[in-house]
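Below is one structure, written out as structure tokens; the observations come after it.
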Amino acid sequence: MKIDRMRVFMTRDKDRPRVIVALDTDDGLTGWGECYNHGPDKALPPLLDYLYEFLSGQDPTRVDYLVNLLIQQSRFPPGALGLAAISALDHCLWDLAAKAANVPVYKLLGGEVRDRIKVYAGVYTAPDAPAARDEFDRLKEGWGFTAFKLSPWRIDMHSNRWGNVVKASADYFRSLRETVNDEYEIAFDAHAKIFEPIAARQLGNALAPYDPLFFEEPLRPENIEAWGDLKQGLNCTLATGESLYNRNEFLRLLQVKGADLIQPDICVVGGISEMRRIATLAEAFFVGVAPHNPMGPLATAVNVHFSAAAQNFRILEYRLPKGQAYVYGGLDIEKRQGETRYVVDPYLPKDGYLELRPGRPGWGVEMDEKAMQEEGYIHWQRRVPKRPDGSYAFA
């Protein structure tokens, strides 16, 4: 069995662009992967064309061998776009290797250590407590969700005194706890918008009395030592890692005791191959893994197999393939609706968990090539806010 073709689809996941990759073999198998959506997505197809030359004619079951080649062929460590492309190709290789063996991917990873995968629903805004209650209850009734993630930002962090920003977030979480089902777990994603560790600690400690599931990514990722400083004196679970690229960066984060929970993204770090190494490092530091997964249903399928085989997995971020579009921030429940069609049979929650599919090889999903072609590419770029003085803030 040899790799003899690559196909790249520029398609969409509701209102976001997605780059989906297929690797075909000379005996009729196809492996599928999903690139991360960093923004300049049109740069990915030519990059994938370049990388494919290293895979053409190769045996896809030599996954580590080939992924290492893709990483090592670059004189300098690959960055965001390079790793997004390598991640998708890694996914394709694992899918092919498992299909060749006629087993689910998690069987190649040592087998499942759990029977189902707990998920939380990304709501991502900061709706008033009664609206949040109604949304949580709707998601609980339909899919069994008991864990949710919101934005902590109730007032503009740049236009208001910081003490008032912190107070507004604390008052908001208190009102949520007084309004929603006490069994619900609620996480907050600060979206790397804070510059100073002291300010991030103040916000986290204001949320802490109301028991957040975790406080996610308040700081930028570049200064890893600052995360160690932040965690000292922080009274709630600190989560981060979506913006880190490899085991070396995660090792530094763990060594400085900069996180209670890490959030690597399987479409960012180089796929399952690197994700497993990162999880093993975290396990040695008694740190759990909650994969970052705001992507489409194929990325979710890949995460299911990683999570099934990872001892220190805790919970997976999840977005329903049919329903609200993705938006971060603001005070409203997102009203725009959409449907992601490129996976025919996506993993859907039951009682707040994703069930494994032991009788289906590879990722366990069927792809719809016609839908990918019909939906086509949709442009997206990140909105960068401005402070009152006219300078740009973190997006």
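In what follows, every heavy atom counts, from backbone to side chain, and hydrogens, waters and symmetry copies are set aside. Just so you know, residue 1 is the first one in the sequence shown, and it goes up from there. Bear in mind the structure is a predicted one, so any value in this text is a computation, not a measurement.
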Evaluation steps, side chain to side chain donor-acceptor pair (under 3.5 Å), between K149 and Y120: CA-CA 7 Å; K149 187 166 76 178; Y120 68 86; 3.2 Å; yes
Verdict with reasoning, Q263 to T240, per side chain to side chain donor-acceptor pair (under 3.5 Å): CA-CA 5 Å; Q263 300 172 298; T240 192; 5.3 Å; no
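Relative to the ring axis of Y377, R12 does not place its NZ or CZ within 45° and under 6.0 Å from the centre.
Ion pairing of D13 with R18 is present here, as a side-chain N (NZ or NE/NH1/NH2) and a carboxylate O approach within less than 4.0 Å. Between D15 and R336, at least one side-chain nitrogen of the basic residue sits less than 4.0 Å from a carboxylate oxygen of the acidic one, meeting the salt-bridge criterion.
Proximity of a side-chain donor or acceptor of W143 to a complementary backbone N or O of A121 within less than 3.5 Å is not detected. Remark: the backbone N or O of W363 is not paired with any side-chain donor or acceptor of Y106 at under 3.5 angstrom. With hydrogens and angles disregarded, no donor-acceptor distance shorter than 3.5 Å links the side chain of N303 to the backbone of I266. Listed for the Q311 side chain is no donor-acceptor partner under 3.5 Å among the backbone atoms of E283. When atom types are taken as modelled, the side chain of E317 and the backbone of N293 share a donor-acceptor pair closer than 3.5 angstrom. Counting only distance, with no hydrogens or angles, the side chain of D156 and the backbone of S159 share a donor-acceptor pair below 3.5 Å. With hydrogens and angles ignored, the 3.5 Å screen pairs no side-chain donor or acceptor of R277 with any backbone N or O of N246. Between the side chain of R357 and the main chain of G364, a donor-acceptor pair closer than 3.5 Å is present.
More than 12 heavy atoms of other residues, nucleotides or ligands sit less than 6.0 Å from atom CD of E222.
When all heavy atoms are compared, the tightest approach of A190 to Y328 is C-OH, 3.6 Å.
Evaluated for a side-chain contact (heavy atoms from CB on, under 4.5 Å) with W153, the options T125, L203, L331 yield exactly one hit, L203.
The aromatic rings of F54 and Y50 lie perpendicular to each other, with more than 60° between the two planes, well past the 30° mark.
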